[in-house]
2 protein chains.
Amino acid sequence: MSKCEQSAKPRSQRPDGAANDRMLPLAERLRQGDLLAAACPSRDVLKHVTSRWGVLVLMVLGTGTHRFSALRRKIGGVSERMLAQTLQWLEADGMVARLAHDVVPPHVEYSLTPLGEAVAVHVTALAEWIERAMPAIEAHRRAKATETSAG
Amino acid sequence: MSKCEQSAKPRSQRPDGAANDRMLPLAERLRQGDLLAAACPSRDVLKHVTSRWGVLVLMVLGTGTHRFSALRRKIGGVSERMLAQTLQWLEADGMVARLAHDVVPPHVEYSLTPLGEAVAVHVTALAEWIERAMPAIEAHRRAKATETSAG
DNA sequence: ATAAGTACATACATTTTTGTAAGTATCAAA
DNA sequence: TTTGATACTTACAAAAATGTATGTACTTAT
């Protein structure tokens with residue numbers, strides 16, 4: 001039901017376009033998202049996954065099941081409100097599974113679904129690349145700063 | 001100069017931690033970013049790269065050099081203001097190169113730096129995964145919707 | 001008895017992000 | 001001559017994200 005046809009742009013504009021969508025039936029391919037189209041629902045998923053805390057939640061859950069407060073302790077700076085919110089987004093998108101044991105005090109476990117594991121791979125790769133690239137990025141910033149002031 | 005040591009958590013908590021940072025001198029490894037630490041500058045880079053338009057800009061520039069208005073036409077829904085803003089963030093982080101020909105009317109070309117090509121790989125992989133996963137995600141949403149109303 | 005931990009929801013305030021509209025200087029087409 | 005294209009910037013406004021504080025209902029530790 002996802003119609004992203006607002007932007008009458010054929011996907012064949014991408015020089016490497018043909019290689020990707022092998023072996024999917026035509027019907028499936030038409031339902032695919034197109035992030036370049038303004039009104040495509042895939043934009044919401046992207047928003048959740050790449051949200052400020054979404055990336056970090058996915059990263060941590062990629063290392064295993066966590067309880068709510070364990071997540072909160074690992075992810076520096078999240079508020080309870082935002083952590084709960086983010087987990088609900090990701091749960092609604094089918095990336096995170098919530099398992100509540102009916103005891104008191106509450107005990108809830110969060111883990112990745114198969115869908116979640118797949119995104120987490122990409123998100124974690126991106127995050128780790130950034131962590132490693134930080135020295136280079138800061139070097140670039142310093143270079144430009146001096147170039148502007150003393151150049 | 002990036003000190004993310006606020007969160008006294010050793011990186012060895014990650015089960016696969018040892019495999020990644022081979023062949024980097026110790027001094028470099030200490031300057032790495034830690035996205036789980038609240039005050040780490042790597043969070044800003046993540047913010048720029050995963051910003052609403054940052055992902056899409058990187059994706060499009062990954063297919064080749066583009067002029068400002070060409071980018072604007074391809075990325076459905078960006079305002080001029082936001083496109084300019086996003087390009088400046090990515091330029092400051094060393095991901096995007098700006099080449100202005102001094103003519104009138106203006107002619108400016110944007111392309112990826114080597115750093116930018118590296119992020120673009122990850123960002124594009126994530127984006128394309130989401131596009132392909134959309135049918136599954138929407139199926140999951142529908143399943144939960146009926147489960148809640150009729151279950 | 002008091003405080004802290006558990007997993008949240010909710011109201012409210014603030015901050016951040018994003019959009020809209022207008023302006024700039026110049027050229028070319030209608 | 002008016003319009004449109006180019007690549008922006010700036011001021012202002014609206015929308016969205018995020019934070020803070022509080023409450024819940026119960027247990028354990030102090």
Side-chain angles (χ1 to χ4, degrees), chain A residues 6 35-36 38-41 43-57 60-61 65-93 96-111 148, chain B residues 6 35-36 38-41 43-57 60-61 65-93 96-111 148:
Chain A
Q6 282 79 353
L35 284 167
L36 294 180
C40 189
R43 289 243 176 130
D44 289 328
V45 178
L46 183 68
K47 180 184 292 182
H48 299 158
V49 166
T50 64
S51 69
R52 177 162 185 193
W53 307 115
V55 175
L56 304 179
V57 166
V60 173
L61 288 184
T65 297
H66 281 71
R67 295 180 64 170
F68 184 87
S69 49
L71 280 172
R72 185 153 143 70
R73 277 188 295 266
K74 278 203 182 175
I75 300 174
V78 229
S79 63
E80 294 193 345
R81 187 186 175 287
M82 272 301 109
L83 182 55
Q85 169 86 277
T86 302
L87 286 166
Q88 283 165 8
W89 284 337
L90 296 176
E91 200 196 341
D93 290 345
V96 164
R98 191 189 110 111
L99 192 147
H101 303 260
D102 196 5
V103 294
V104 64
H107 184 117
V108 180
E109 288 178 354
Y110 290 94
S111 55
T148 309
Chain B
Q6 282 79 352
L35 284 167
L36 293 180
C40 190
R43 289 242 177 129
D44 290 328
V45 178
L46 184 68
K47 180 185 293 182
H48 299 157
V49 166
T50 64
S51 68
R52 178 162 183 194
W53 306 115
V55 175
L56 303 179
V57 165
V60 172
L61 287 185
T65 297
H66 281 71
R67 297 179 63 170
F68 184 88
S69 49
L71 280 171
R72 185 153 143 69
R73 276 187 295 267
K74 277 203 183 174
I75 300 173
V78 228
S79 62
E80 294 193 346
R81 187 188 175 287
M82 274 301 108
L83 181 56
Q85 170 87 278
T86 302
L87 286 167
Q88 284 164 8
W89 283 337
L90 295 176
E91 201 196 342
D93 291 346
V96 163
R98 190 190 110 111
L99 191 146
H101 303 262
D102 195 8
V103 295
V104 63
H107 184 119
V108 181
E109 288 178 353
Y110 291 93
S111 55
T148 309

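Given the structure is predicted, the values throughout are model-derived calculations rather than measurements.
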Peer 1: Could you give the distance from CD (A/Gln85) to NE2 (A/His48), rounded to the nearest 0.5 Å?
Peer 2: 8.0 Å
Peer 1: Using atom CZ of B/Arg72 as one end and atom C1' of D/dC8 as the other, report the distance to the nearest whole Å.
Peer 2: 11 Å
Peer 1: What is the separation between atom CD1 on B/Ile75 and atom C1' on C/dG19, rounded to the nearest whole Å?
Peer 2: 16 Å
Peer 1: Got B/Tyr110 and B/Leu90 here, is their nearest side-chain heavy-atom distance under 4.5 Å?
Peer 2: no
Peer 1: For a 4.5 angstrom cut-off between non-hydrogen side-chain atoms, does A/Glu109 reach A/His101?
Peer 2: yes
Peer 1: Picking from B/Val96, B/Leu56, B/Val55, B/Val57, what satisfies side chain to side chain contact (heavy atoms under 4.5 Å, CB included) with B/Thr86?
Peer 2: B/Val57
Peer 1: Taking atom P of C/dT17 as reference, at what distance in whole Å does atom CZ of A/Arg43 sit?
Peer 2: 18 Å
Peer 1: Whole Å only: how far is the NE2 atom of A/His107 from the C1' atom of D/dT28?
Peer 2: 16 Å
Peer 1: Measuring to OP1 and OP2 of C/dT6, would you say a side-chain N or O of A/Arg73 lies under 4.0 angstrom away?
Peer 2: yes
Peer 1: Closest approach of B/His66 and B/Ala70, non-hydrogen atoms and distance?
Peer 2: CD2-CB, 4.1 Å
Peer 1: Send over the distance from A/Leu87 CG to C/dA9 C1', rounded to a whole Å.
Peer 2: 14 Å
Peer 1: For nucleotides 13-20 of chain D, give me one character per nucleotide, 5' to 3': B if any protein heavy atom sits under 4.0 Å from the base, S if the only such contacts are to the sugar-phosphate, - if neither.
Peer 2: ----SBBB
Peer 1: Looking at residues 96-106 of chain A, who's got a heavy atom less than 4.0 Å off DNA chain C?
Peer 2: A/Arg98, A/Pro105, A/Pro106
Peer 1: Is the shortest side-chain heavy-atom distance between B/Lys47 and A/Arg52 below 4.5 Å?
Peer 2: no
Peer 1: Measure from CZ on B/Phe68 to C1' on D/dC8 and round the result to the nearest Å.
Peer 2: 6 Å
Peer 1: Is the shortest side-chain heavy-atom distance between B/Leu99 and B/Val108 below 4.5 Å?
Peer 2: no
Peer 1: Quick one: B/Arg67 CZ to D/dA7 C1', roughly how many Å, whole number?
Peer 2: 9 Å
Peer 1: Would you kindly give the CD-to-P distance between A/Gln88 and C/dA7, to the nearest whole Å?
Peer 2: 14 Å
Peer 1: Are the side chains of B/Leu61 and B/Leu71 in contact, using a 4.5 Å heavy-atom criterion?
Peer 2: yes
Peer 1: What's the shortest heavy-atom distance between B/Trp53 and A/Arg43, and which atoms?
Peer 2: CZ3-NH1, 3.6 Å
